[in-house]
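Below you'll find the structure, written out as structure tokens, and then a few comments.
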Amino acid sequence: MLHNGPIGVFDSGYGGLTVFKEIVKELPQYDYIYLGDNARVPYGTRSFETVYRYTWECVQRLFEMGCRLVILACNTASAKALRTIQQQNLPELSDLRRVLGVIRPTAEVVGTLTQTGEVGILGTQGTVASGSYVIEIAKFFPEIKVVQEACPMWVPLVENNEFNSEGADYFIKKNLDNLFAKSANVDTLVLACTHYPLLEEKIRKQVPANVNLVSQGEIVARSLNDYLLRHPEIAVLCSSNGSRQFYTTESTGSFDKKAEIFLGHAVTSSHLEL
Ligand code: DGL
């Protein structure tokens with residue numbers, strides 16, 4: 001007999017809350033557990049092996065807490081760990097579990113948003129170096145040109161509450177200048193890191209008015225809704241009492257303060273020791 005359980009939403013830190021917020025808005029009926037691996041953030045500068053090991057460890061903990069479906073609300077984990085988890089780990093399990101990422105749903109829509117046929121990807125070093133967006137976008141929109149820029153300072157700015165500072169303006173300008181130097185025709189910029197929506201206002205001020213800024217939260221939420229409609233065998237494994245639980249591998253005090261900024265309401269998290 002298969003037991004149902006909450007939907008797990010995982011990120012290396014707080015960034016996944018930008019996706020969590022939209023998923024909960026789109027599908028409020030389900031139970032959710034958010035897990036932020038704040039003790040080991042950032043993932044963006046770490047090797048493939050390390051990101052895979054950390055991510056699989058956290059996904060297993062979400063499984064132990066009863067989740068049957070886990071969303072990797074982190075581009076870096078989606079780029080570096082998802083395929084191995086889907087192709088090697090999940091088939092070895094004795095019961096049905098699913099892990100989904102954020103890159104494919106974004107790649108599926110991005111080509112419909114550009115007029116010039118040129119898309120810019122702003123992400124962590126790990127996401128950019130993996131080439132995952134270039135590969136995934138080419139599957140759906142082979143004619144589209146993709147340019148990328150790694151923005152290694154942006155996650156620390158968000159994690160350290162400096163996203164409204166002048167320092168943030170400096171690093172945003174530097175990376176946007178680099179990206180537009182690679183191609184001035186980019187008219188669609190993907191915020192391909194779930195931390196970046198907190199910098200959106202500042203990014204908007206520094207890009208031409210015709211440029212679309214694409215945040216992933218709503219895209220991933222719609223795609224999950226669609227997935228559950230197409231996969232009723234997975235939807236029945238998701239319990240639906242409308243509960244939300246938050247876990248962090250770091251201090252709960254700082255998680256609660258920070259999560260409130262991301263979500264716009266107070267949360268009470270629990271500590272998870274890995
Ligand atoms: N939020 C993660 C992402 O979407 C990255 C943060 C990190 O570097 O850990 O890529």
Side-chain angles (χ1 to χ4, degrees), residues 1-12 15-37 51-109 136 194 216-249 259 263 267-274:
M1 159 79 188
L2 288 176
H3 293 285
N4 61 10
I7 296 175
V9 180
F10 166 73
D11 182 45
S12 57
L17 290 168
T18 61
V19 174
F20 175 85
K21 187 178 176 179
E22 297 302 329
I23 291 178
V24 167
K25 208 189 280 174
E26 176 90 16
L27 296 161
Q29 68 274 32
Y30 291 113
D31 298 320
Y32 293 94
I33 299 181
Y34 182 89
L35 170 57
D37 190 8
V51 172
Y52 162 67
R53 186 160 48 83
Y54 286 0
T55 304
W56 178 229
E57 208 176 333
C58 290
V59 169
Q60 284 177 290
R61 297 304 294 269
L62 286 164
F63 286 165
E64 284 162 23
M65 289 190 264
C67 299
R68 320 286 314 207
L69 171 64
V70 172
I71 312 300
L72 302 184
C74 174
N75 287 271
T76 310
S78 300
K80 292 188 158 188
L82 182 62
R83 180 192 287 256
T84 313
I85 290 174
Q86 286 178 334
Q87 295 183 354
Q88 288 179 22
N89 301 121
L90 296 186
E92 286 172 357
L93 301 178
S94 56
D95 55 15
L96 186 59
R97 316 256 174 185
R98 285 287 178 268
V99 179
L100 305 173
V102 291
I103 295 180
R104 197 186 171 97
T106 310
E108 276 175 6
V109 300
E136 289 298 323
T194 53
Q216 297 174 291
E218 285 178 27
I219 293 171
V220 172
R222 274 199 303 273
S223 162
L224 177 60
N225 193 353
D226 184 51
Y227 176 87
L228 292 172
L229 290 172
R230 285 184 291 110
H231 295 277
E233 76 286 6
I234 304 296
V236 294
L237 295 178
C238 303
S239 55
S240 46
N241 303 304
S243 73
R244 286 88 176 92
Q245 297 174 65
F246 297 87
Y247 285 88
T248 173
T249 55
L263 296 175
V267 305
T268 306
S269 61
S270 305
H271 178 75
L272 183 80
E273 195 63 45
L274 289 172

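Everything quoted here is computed from the prediction, not taken from an experiment.
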Check your understanding: With the threshold set at 4.0 Å, does a side-chain nitrogen-carboxylate oxygen contact exist between D226 and R222?
Key -> no
Review point. Where do F20 and F246 land on the ring pair (Phe, Tyr, Trp, His ring centres under 6.0 Å) test, with the steps shown first?
Key: CA-CA 11 Å; F20 175 85; F246 297 87; 5.3 Å; yes
Check your understanding: With distance as the sole test, does S240 use its side chain to make a donor-acceptor pair with the main-chain N or O of Y30 at under 3.5 Å?
Key -> no
Check your understanding: How long is the gap from CD1 on I7 to CG on D31, to the nearest 0.5 Å?
Key -> 8.5 Å
Check your understanding: Do we see a donor-acceptor contact under 3.5 Å between the side chains of N4 and S239?
Key -> no
Review point. Between Q216 (side chain) and T106 (backbone), is there a donor-acceptor pair under 3.5 Å?
Key: no
Exercise for review: Look up atom CD1 in I33 and atom OG in S243, then write down how far apart they are to the nearest 0.5 Å.
Suggested key: 7.5 Å
Practice item. Search all heavy atoms of M65 against all heavy atoms of P6 and return the closest pair with its distance. Key: O-CD, 4.4 Å
Review point. Does the side chain of Q60 come under 3.5 Å of the side chain of N89 through a donor N or O and an acceptor N or O?
Key: no
Review point. NE2 of H231 to CG of L96: how many Å apart, nearest 0.5 Å?
Key: 10.5 Å
Review point. In Å, rounded to the nearest 0.5 Å, how long is the span from CD of Q86 to CZ of R98?
Key: 8.5 Å
Review point. Less than 4.0 Å between a side-chain N and a carboxylate O, is that true for R61 and E57?
Key: no
Practice item. Would you check if the side chain of S78 reaches a backbone N or O of I103 as a donor-acceptor pair within less than 3.5 Å? Key: no
Practice item. Examine distances only and state if a side-chain atom of D11 and a backbone atom of G36 form a donor-acceptor pair shorter than 3.5 Å. Key: no
Check your understanding: Between P91 and I85, what is the shortest heavy-atom contact and its length?
Key -> CD-O, 4.3 Å
Practice item. Report yes if the side chains of T248 and L272 come closer than 4.5 Å at any heavy-atom pair, otherwise no. Key: no
Exercise for review: Supply the atom-to-atom distance L228 CG to C238 SG, rounded to the nearest 0.5 angstrom.
Suggested key: 5.5 Å
Point to revise | Straight-line distance of E218 CD to S223 OG, nearest 0.5 Å | key: 13.0 Å
Point to revise | Derivation of the side-chain contact (heavy atoms from CB on, under 4.5 Å) call for L100 and L82 | key: CA-CA 7 Å; L100 305 173; L82 182 62; 5.8 Å; no
**Study point:** V102 vs L72 side-chain heavy atoms within contact, under 4.5 Å
**Key:** no
Exercise for review: Check whether any side-chain heavy atom of L90 lies under 4.5 Å from a side-chain heavy atom of E92, and answer yes or no.
Suggested key: no
Exercise for review: Answer with yes or no whether the side chains of D37 and S12 bring together a donor and an acceptor at under 3.5 Å.
Suggested key: no
Check your understanding: Between R244 and Y34, is NZ or CZ placed under 6.0 angstrom from the six-membered ring centre and within 45° of the ring axis?
Key -> no
Exercise for review: Please name all residues satisfying ring-ring contact (aromatic ring centres under 6.0 Å, His included) with Y247, sequence neighbours left out, ordered by chain then number.
Suggested key: none
**Study point:** Donor-acceptor contact present, side-chain T18 to main-chain T194, <3.5 Å
**Key:** yes
Review point. Does the side chain of L62 reach to within under 4.5 Å of the side chain of F10, using non-hydrogen atoms?
Key: yes
Practice item. Report yes if the side chains of D95 and R68 come closer than 4.5 Å at any heavy-atom pair, otherwise no. Key: yes
Point to revise | Under the side-chain hydrogen bond (donor to acceptor under 3.5 Å, both in side chains) test, residues paired with Y32 that sit two or more places apart | key: none
Exercise for review: Decide yes or no for F63 and V99: does some side-chain heavy atom of the first lie under 4.5 Å from some side-chain heavy atom of the second?
Suggested key: yes
Review point. What's the shortest heavy-atom distance between T55 and V51, and which atoms?
Key: OG1-O, 2.6 Å
